[in-house]
Amino acid sequence: MKESCQLQMDFQKIEKDAPEFQQSYRQELLRLELSELLQTLRQERGLCRKHFASLLGEKEAVIADIENGLWEPSLFTMQKLLLPLNLRLSIQAVPLCAPVPEQE
């Protein structure tokens, strides 16, 4: 998560005047964070993609696409993906990294 915060701070310095680009960037970070989380949780439980997919009634390719950040699952889908891992989705609002001070 430290790297993510540093990336956000660097990004703020470089792209201050492009809010639509910043929004896309943050969306991409979230998608990659979700994909990494799912892969980590699955691996911690010793499940291969094929077995995990079969528990969900999905194709292995769907799990691979999510874990590789190629597909952004909805909140409903994330909840479905977490159930076989004996987890539930919890949503929490956390502050963004401190804004970069204006340079004079």
| field | Common cluster, Leu38/Ile91, ILVMFWY with side-chain heavy-atom separation under 4.5 Å | value | yes

Hits for side-chain hydrogen bond (donor to acceptor under 3.5 Å, both in side chains) against Thr77, two or more places apart or cross-chain, chain-then-number order -> Ser74

Output for pair (Ser54 OG, Ile63 CD1), nearest 0.5 Å, gives 9.5 Å

When you look at Phe52 and Leu41, which way does the side-chain contact (heavy atoms from CB on, under 4.5 Å) test go after all the steps? CA-CA 11 Å; Phe52 184 56; Leu41 292 170; over 6 Å; no

d(Gln39 CD, Asn68 CG) to nearest 0.5 Å is 7.0 Å

The side-chain hydrogen bond (donor to acceptor under 3.5 Å, both in side chains) partners of Arg31 (sequence neighbours excluded) come to Glu28

* Asked: Can you get from Leu75 to Trp71 by hopping between Ile, Leu, Val, Met, Phe, Trp and Tyr side chains that sit under 4.5 Å apart?
  -> yes

Report task. Would you check if Leu55 and Leu47 make a side-chain contact, meaning some heavy-atom pair closer than 4.5 Å? Result -> yes

Heavy-atom nearest pair, Leu56 first then Pro84, reads CD2-CG, 3.4 Å

d(Arg42 CZ, Cys48 SG) to nearest 0.5 Å is 7.5 Å

The reported gap from CE in Met78 to CG in Leu81 (rounded to nearest 0.5 angstrom) is 6.0 Å

Nearest heavy-atom contact between Ser35 and Gly69 is CB-N, 3.8 Å

Contacts satisfying salt bridge (Lys or Arg N to Asp or Glu O under 4.0 Å) that involve residues 47-63 (not counting sequence neighbours) are Arg49-Glu67, Glu58-Lys80

Q) Is Leu83 reachable from Val62 through a run of hydrophobic residues whose side-chain heavy atoms are each under 4.5 Å from the next? A) no

Does Leu37 reach the side chain of Glu33, with side-chain heavy atoms less than 4.5 Å apart?
no

TODO: Check whether more than 12 heavy atoms from other residues, nucleotides or ligands sit under 6.0 Å from atom CD of Glu36, and answer yes or no.
DONE: no

